[in-house]
Amino acid sequence: MHHRPHWSYSAISQYLSCPLRYFFQRIQRLPQRSVGSSLVLGSSVHAALAEYHRSVQQDEPTDAAKLHRVIADSFTQSEHETPIAYRDGENSADLIALGISLLELYLKEPPPDHIIGIEQEILAPLHNSRGEYLETPLLAIADLITEGNEELTVQEFKTSGRAYSEMEAETSLQPTCYVNAVQEMFGSPATVEYTVLVKTKTPKIQRLKAVHHENDLARLGDIVENIERAIEANVFYPVENPLNCSTCPFRQPCREWGRKEHTELVQLNIKTAGAMTC
């Protein structure tokens with residue numbers, strides 16, 4: 001992992017969704033008391049997919065049992081590191097079994113061709129709509145990069161309780177981050193495809209393409225530039241809604257936000273907030 005100050009999609013989207021959570025996690029670096037079960041499941045499936053793609057790239061036979069163990073071991077390790085916030089009726093055994101069923105569904109599909117990157121870290125510059133490069137670069141970690149028809153495709157894998165809409169793929173900043181990073185690194189056009197492993201009663205796989213253009217890359221730079229200005233001006237506030245608050249690990253400090261002693265702490269710490277990490 002890069003130690004140089006950088007932006008990432010997760011940092012950008014976190015500030016846009018709730019600036020105060022961004023402050024607690026990335027500037028004050030408060031410890032997280034728990035992690036959501038969906039995040040743990042997604043990380044475990046991602047670990048198994050990366051292992052599978054490496055075997056495909058190296059032309060090795062698929063070892064399904066090994067991939068199952070990757071999911072179970074990854075889940076167990078996360079459970080030991082940070083308490084998992086389970087939803088009602090959830091438990092680790094059922095979630096591991098769900099992860100394995102999603103993986104098996106993916107393994108039934110033809111393996112990807114012409115793999116050139118797996119969990120590829122790319123540190124790339126950002127530019128604004130005036131053509132100026134920002135001082136802080138963007139770090140993108142691409143799940144899978146393949147090459148075909150003189151074009152690169154970034155495959156982004158998601159686990160979700162529902163299917164994605166085309167609007168989500170079109171408006172998300174994540175594909176723009178990938179396109180920016182890949183084009184800067186390889187000097188080649190790039191597209192992004194979501195592979196959504198949908199956790200419905202009967203699991204299914206959904207694929208969505210997200211096409212982003214040069215104007216989108218400049219707009220991304222403008223957004224980041226304005227976030228940087230807001231952070232320098234100490235603009236941190238809560239965005240309260242069920243989506244943000246139901247799984248937030250900083251609910252107690254959020255409720256204490258605004259008190260005199262806490263406000264003084266904010267002013268003291270913001271001056272040392274230089275690095276922006278994933």
Side-chain angles (χ1 to χ4, degrees), residues 1-44 46-47 74-86 119 121-126 134-143 172-174 177-178 181 220-221 223-278:
M1 183 58 67
H2 294 270
H3 297 288
R4 175 184 174 183
H6 60 266
W7 281 102
S8 66
Y9 165 70
S10 61
I12 296 167
S13 62
Q14 186 178 58
Y15 186 89
L16 293 174
S17 64
C18 183
L20 191 58
R21 179 167 178 169
Y22 176 98
F23 173 76
F24 288 143
Q25 180 170 338
R26 299 177 187 275
I27 294 178
Q28 278 202 322
R29 301 186 185 277
L30 298 183
Q32 297 193 49
R33 298 183 177 182
S34 64
V35 61
S37 59
S38 293
L39 288 176
V40 176
L41 175 61
S43 296
S44 301
H46 267 75
S74 176
F75 200 101
T76 301
Q77 180 179 348
S78 296
E79 200 167 28
H80 289 159
E81 291 173 351
T82 308
I84 298 175
Y86 291 102
E119 298 290 327
E121 289 190 7
I122 305 172
L123 192 66
L126 288 165
L134 278 60
E135 181 177 347
T136 304
L138 170 76
L139 176 66
I141 304 176
D143 292 341
S172 173
L173 288 177
Q174 190 170 29
C177 291
Y178 287 139
L220 173 64
I223 290 171
V224 170
E225 192 173 41
N226 280 280
I227 291 175
E228 290 177 342
R229 290 172 181 163
I231 290 173
E232 294 224 355
N234 298 343
V235 179
F236 300 102
Y237 56 90
V239 177
E240 297 183 345
N241 59 54
L243 183 63
N244 280 347
C245 302
S246 60
T247 58
C248 181
F250 306 113
R251 296 175 72 176
Q252 181 175 342
C254 179
R255 300 312 303 172
E256 295 171 352
W257 172 79
R259 297 179 185 175
K260 183 176 184 298
E261 64 273 17
H262 190 73
T263 302
E264 290 174 349
L265 186 63
V266 170
Q267 297 295 337
L268 176 64
N269 280 274
I270 186 61
K271 296 177 182 178
T272 64
M276 290 163 267
T277 58
C278 293

Exercise. Who pairs with Glu240 by salt bridge (charged side-chain N to carboxylate O under 4.0 Å, His left out), at least two apart in sequence or on another chain?
Worked result: Arg255
[X]: which residues meet the side-chain hydrogen bond (donor to acceptor under 3.5 Å, both in side chains) condition with it, sequence neighbours left out?
X: Tyr237; answer: none
X: Ser43; answer: none
X: Arg251; answer: none

Going by heavy atoms in the side chains, are [X] and [Y] under 4.5 Å from each other?
X: Phe236; Y: Ile231; result: yes
X: Val235; Y: Pro19; result: no
X: Ile12; Y: Leu220; result: yes
X: Leu20; Y: Phe250; result: no
X: Leu16; Y: Val239; result: no
X: Ser172; Y: Tyr9; result: yes
X: Glu228; Y: Glu135; result: no
X: Arg4; Y: Pro137; result: yes

For this session: Could you name each residue pair satisfying side-chain hydrogen bond (donor to acceptor under 3.5 Å, both in side chains) that touches residues 11-21, not counting sequence neighbours?
Result: Gln14-Gln25, Gln14-Arg26
If the condition is side chain to side chain contact (heavy atoms under 4.5 Å, CB included), which residues does [X] pass it with, not counting sequence neighbours?
X: Ser78; answer: Val40
X: Leu39; answer: Val35
X: Ala85; answer: Ser34
X: Gln77; answer: Glu81

Between [X] and [Y], what is the shortest heavy-atom contact and its length?
X: Ile84; Y: Phe75; result: CD1-CE2, 3.7 Å
X: Glu119; Y: Ile141; result: OE1-CG2, 3.8 Å
X: Cys18; Y: Pro238; result: SG-CA, 4.0 Å

For this session: Please round to the nearest 0.5 Å and tell me the distance separating atom CG of Leu138 and atom CG of Leu126.
Result: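 One gets 5.0 Å once the value is rounded to the nearest 0.5 Å.
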For this session: Mind checking the CD-SG spacing from Gln32 to Cys248? Nearest 0.5 Å is all I need.
Result: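 Nearest 0.5 Å value for the CD-SG distance: 8.5 Å.
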